[in-house]
Amino acid sequence: MTTFHVLTLFPEMIVQGLTPSIIGRAAEKNIIKLNPVNIRDYTLEKHGKVDDTPYGGGAGMLMQAQPVYDAHKAVSGDRKLRTVYVTPQGRPFDQGLARELAKEEELILLCGHYEGIDERVLEEVVTDYVSIGDYVLTGGELAAMVIIDAVARLIPGVLGNETSAQEESFHNYLLEYPQYSRPETWHGKQVPTVLLSGNHAEIAKWRLEQSKERTKRVRPDLYEHYEARQQLIKRLSKDKRNNIHIMECLARGNGEILYAQGEDIAVYHRESSTCMVKASSPEGGRRLLENCPDNIGWYVVSQEYMRELLKELGYKEFCECSQLLYTRREPLPVGHKDIRKLGLESLEYVCSHYDKGSSAYVRDRLLVGVMYGAFVENRLVGFIGMHDEGSLGMLYVEESYRGRGLAASLEAYSVNRMLERGVIPYGHVIAGNEASMKLQEKLGFYQAKDTFWWMEGMAEML
Ligand code: ADE
């Protein structure tokens with residue numbers, strides 16, 4: 001369950017603002033938890049005062065460090081919880097940040113009032129400074145509520161519909177297309193005929209065009225990013241097998257272009273802190289790395305000199321692998337009939353058989369709804385998942401159930417789900433895993449020529 005702690009001088013505002021909504025209902029059902037904490041309860045000043053005038057003069061009052069610090073301590077104890085201070089001075093809030101925050105099990109939102117909060121306590125407790133827009137509100141509560149609403153709706157179960165809102169990232173950061181419902185004619189206006197045609201391909205094409213047209217007109221800034229991504233995808237498609245990981249990251253709308261000079265390209269998947277790199281020479285690669293932030297968690301590279309350059313920067317080789325992709329459109333036959341989407345109830349099982357990621361990572365994959373399990377006589381005996389940067393993986397089948405096509409069925413099943421969502425399935429197979437290579441080939445995956453390395457940043461440098 002995700003808990004939102006809100007440190008505020010107006011807890012009733014948070015309760016009244018969120019309780020009547022979908023978010024309130026999710027809290028009632030224990031899918032999320034809202035914990036408004038009154039900062040005033042923690043002041044040591046006997047009249048309940050929490051503010052004072054700023055040193056150096058100036059208008060208004062400032063919230064003092066002590067009550068904020070003690071309220072924070074009461075919530076976090078000795079834990080280091082992600083703490084968001086809502087302020088016009090922060091990083092702009094967007095869907096990407098909402099998705100990132102939705103991964104936290106607990107989140108503290110700190111609301112300021114008056115002219116702000118004593119800088120010294122902010123330095124000690126805040127991990128993120130976030131603004132909801134270029135305007136100034138009278139306090140942080142409305143901003144905190146906006147953030148809670150946007151983050152909570154991404155948590156599976158909150159919206160109550162089948163496809164998780166996290167999968168919306170596949171919609172490519174374009175604005176939504178127009179929608180219509182009954183009646184077919186209203187105020188003399190007809191519903192666009194294509195929507196009545198039942199032709200799903202035509203409908204999808206029309207919707208994409210509408211989204212593009214609307215984005216171009218209303219948000220030229222977003223459209224420019226969209227265009228840049230599309231152009232880069234086109235360039236990369238000349239060598240699809242070697243570039244599919246970068247192309248898919250861009251196509252699914254969650255890749256930021258950090259660098260693109262000629263054949264030297266770096267695309268960043270912020271949520272997984274993964275930077276996918278393609279370099280044309282050691283000099284180009286060096287320049288490219290100079291343009292990447294120094295707190296990147298992972299690099300995926302396919303040139304040996306890039307691996308060496310990253311080692312010089314303190315990165316460690318995590319694994320060497322081959323890249324494989326499925327370029328056909330037709331779904332694959334699934335031999336085993338009992339394959340199901342897995343939820344949190346399978347966390348323990350998956351963790352006990354998957355050693356390449358933490359339990360928090362597995363939990364996230366289960367919550368996003370991209371893990372599938374094979375069941376035999378109603379017992380879970382194997383699984384597969386989609387990694388956060390988009391590749392297929394995590395495949396496992398219990399030893400005593402191997403040799404009867406369960407792995408192939410699991411993989412075929414996930415490939416089909418990916419095709420339904422319009423994405424190209426691809427995966428990384430660790431060097432030397434002959435069984436997996438054989439399976440990919442049997443299913444019709446093609447292997448890229450390059451060798452790929454996942455390079456891991458060390459905790460102390462991030
Ligand atoms: N507090 C006051 N104004 C704000 C804003 N625009 N964003 C976040 N917090 C705020």
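Order of listing sets the numbers, starting from 1, for every ligand and every atom in it.
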What protein heavy atom sits nearest [atom], and how far off is it?
| atom | value |
| --- | --- |
| atom 7 (N) of ligand 1 | Ile132 N, 3.0 Å |
| atom 10 (C) of ligand 1 | Pro88 CD, 3.7 Å |
| atom 5 (C) of ligand 1 | Tyr135 O, 3.8 Å |
| atom 2 (C) of ligand 1 | Leu137 N, 3.4 Å |

Ring geometry between Tyr129 and Tyr85 (parallel below 30°, tilted from 30 to 60°, perpendicular above 60°): perpendicular
Ring geometry between His353 and Tyr396 (parallel below 30°, tilted from 30 to 60°, perpendicular above 60°): parallel
Test item: side-chain donor near acceptor, [X] and [Y], under 3.5 Å:
| X | Y | answer |
| --- | --- | --- |
| Thr43 | Glu45 | no |
| His245 | Glu389 | no |
| His387 | Tyr361 | yes |

Part of Thr87 with heavy atoms under 4.0 Å of ligand 1, whether side chain, backbone, both or neither: backbone
Location of contacts on Ala143 toward ligand 1, heavy atoms closer than 4.0 Å: side chain
Lys/Arg-Asp/Glu bridge criterion (N-O < 4.0 Å) met for Arg217, Glu213: yes
Ligand 1 contacted by Ala144 (non-hydrogen, < 4.0 Å): no
Non-hydrogen atom of Val130 closer than 4.0 Å to ligand 1: yes
Close side-chain approach of Tyr268 to Ser273, heavy-atom, < 4.5 Å: yes
For Ser131, the ligand 1 atoms whose distance to one of its heavy atoms is below 4.0 Å: 6 (N), 7 (N), 8 (C)
Contact check: Gly133 vs ligand 1, nitrogen or oxygen atoms, below 3.5 angstrom: yes
